[in-house]
Amino acid sequence: MAPDTRFFRYLALISHTGLIVWISLWQFTFTKAHTYSPLFIALFYILPLLLPYWGVLKGKPYTHAWANFVVLFYLIHGCTVAYAVPDERWYAVVEIILCTGMFVGCSAFARKRGRELGLGLKKLKEEMQEEKARFEQTKQ
C-alpha cells in the first residue's frame, strides 16, 4: 500500500472511530435534557456508524466508498445543530470536522486503493469494443 493511501486509510479510520466516540459522549454525557429514550438514541445515532465500521477496520475499499453515504447524515445533523441550537454549536462543530475527515479519508482511500487493486471501472469505449467483439463471435 502506497504511503498516501495509508494516510487516507488512517484518516478515515481515526475520524470514524472519533465520530462514534464523540456522538456517544455528546448524546449520553454532554446533553442534559433528553427528548428521546436512550434506546432510540443508540439505534438512530450510533448504529448507522457501526454498520460500515468492520469493513473500514479491515481496509475494504468498497466499504469505505459506501460509508460516505452514512457519514452524510451526520454532516447534515451537525450543520443543522450548529445553525439551530446555539447551546450545542461547538459540539456540532466537532461533529462536522470529524465528518469531513471521514468523508475525505474514505473517498480518497477507496479511490486510491481501488486503483492499486485494479478495481477501477472500464471506460465506456473499451466496454463497447469488448461487447462488440463478443457479439460478433456469437454471430458467426
Side-chain angles (χ1 to χ4, degrees):
M1 185 181 309
D4 59 337
T5 306
R6 185 173 288 114
F7 168 77
F8 286 116
R9 171 170 158 53
Y10 288 132
L11 175 64
L13 186 60
I14 290 168
S15 297
H16 195 161
T17 304
L19 194 57
I20 292 170
V21 170
W22 182 253
I23 294 295
S24 300
L25 286 173
W26 181 5
Q27 295 301 322
F28 292 116
T29 306
F30 301 148
T31 303
K32 303 294 184 228
H34 292 288
T35 55
Y36 304 113
S37 73
L39 178 64
F40 178 81
I41 291 171
L43 290 175
F44 193 69
Y45 285 108
I46 298 166
L47 182 65
L49 282 173
L50 295 176
L51 293 175
Y53 194 63
W54 184 249
V56 172
L57 280 174
K58 292 276 195 177
K60 296 181 178 182
Y62 184 76
T63 307
H64 279 78
W66 71 262
N68 282 331
F69 293 112
V70 174
V71 80
L72 289 178
F73 164 74
Y74 295 92
L75 183 64
I76 291 169
H77 175 262
C79 291
T80 304
V81 171
Y83 177 75
V85 185
D87 294 340
E88 297 184 0
R89 182 166 290 143
W90 292 108
Y91 301 148
V93 168
V94 172
E95 182 181 20
I96 292 168
I97 291 169
L98 290 170
C99 287
T100 304
M102 183 178 163
F103 186 83
V104 169
C106 284
S107 299
F109 176 77
R111 182 177 180 146
K112 290 178 177 293
R113 187 65 179 158
R115 285 184 177 171
E116 289 174 3
L117 297 174
L119 300 175
L121 298 173
K122 293 181 182 178
K123 292 186 178 180
L124 182 59
K125 182 179 176 182
E126 295 169 5
E127 188 71 33
M128 295 287 284
Q129 288 174 347
E130 289 177 9
E131 187 175 323
K132 182 180 176 185
R134 277 195 308 269
F135 178 73
E136 289 175 354
Q137 283 179 344
T138 59
K139 189 176 175 182
Q140 293 174 358

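The figures that follow rest on heavy atoms only: side chains count, while hydrogens, waters and symmetry mates do not. If you read the sequence from its start, that first residue is 1, and numbering goes on from there. These figures come from a predicted structure and were not determined experimentally.
- Leu25 and Ile97 are assigned to two separate hydrophobic clusters, defined by single-linkage of ILVMFWY side chains at heavy-atom distances under 4.5 Å.
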Identify every side-chain donor-acceptor pair in residues 66-76 under 3.5 Å, counting partners at least two apart or on other chains, and give the distances.
{"from": "Asn68", "atom 1": "ND2", "to": "Ser107", "atom 2": "OG", "distance (Å)": "2.9"}
{"from": "Tyr74", "atom 1": "OH", "to": "Tyr45", "atom 2": "O", "distance (Å)": "2.5"}

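- Within the model, atoms CG of Leu11 and OG1 of Thr100 stand 10.0 Å from one another, a figure rounded to the nearest 0.5 Å.
- Follow the hydrophobic side-chain contacts under 4.5 Å out from Tyr53 and you reach Val21 in the same cluster.
- By the rule that hydrophobic residues join a cluster once side-chain heavy atoms approach within less than 4.5 Å of another member, Met102 and Trp54 end up as members of one cluster.
- Separation of atoms CG (Leu47) and CD1 (Ile20) is listed at 10.5 Å; rounding is to 0.5 Å.
- Residues Pro61 and Leu117 share a closest heavy-atom pair of CG-CD1, 4.1 Å.
- Annotation: side chain to side chain contact (heavy atoms under 4.5 Å, CB included) contacts of Leu39 (sequence neighbours excluded): Ser37, Leu43.
- The shortest non-hydrogen separation linking Ser15 to Gly101 is OG-C, 3.4 Å.
- Taking all atoms of both residues into account, the shortest heavy-atom contact from Glu95 to Gly78 is OE1-CA, 3.3 Å.
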Listed pairs under 3.5 Å, donor-acceptor, residues 2-10 side chains, sequence neighbours left out:
{"from": "Asp4", "atom 1": "OD2", "to": "Lys112", "atom 2": "NZ", "distance (Å)": "3.0"}
{"from": "Thr5", "atom 1": "OG1", "to": "Glu116", "atom 2": "OE2", "distance (Å)": "2.7"}
{"from": "Arg9", "atom 1": "NH1", "to": "Val56", "atom 2": "O", "distance (Å)": "2.9"}
{"from": "Arg9", "atom 1": "NH2", "to": "Leu57", "atom 2": "O", "distance (Å)": "2.9"}

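- In terms of heavy atoms, Arg89 sits closest to Ala82 at NE-O, 2.7 Å.
- The two residues Cys106 and Ala12 make their nearest non-hydrogen contact at N-CB, 3.6 Å.
- To the nearest 0.5 Å, atoms CG (Leu19) and CG (Leu49) are separated by 5.0 Å.
- Put simply, Val94 and Phe30 are part of the same group of oily side chains (I, L, V, M, F, W, Y) that touch within less than 4.5 Å, one to the next.
- With hydrophobic clusters built from ILVMFWY side chains whose heavy atoms lie under 4.5 angstrom apart, Phe28 shares a cluster with Phe40.
- The residue from Phe44, Trp22, Trp26 that alone fulfils the ring pair (Phe, Tyr, Trp, His ring centres under 6.0 Å) condition with His77 is Trp26.
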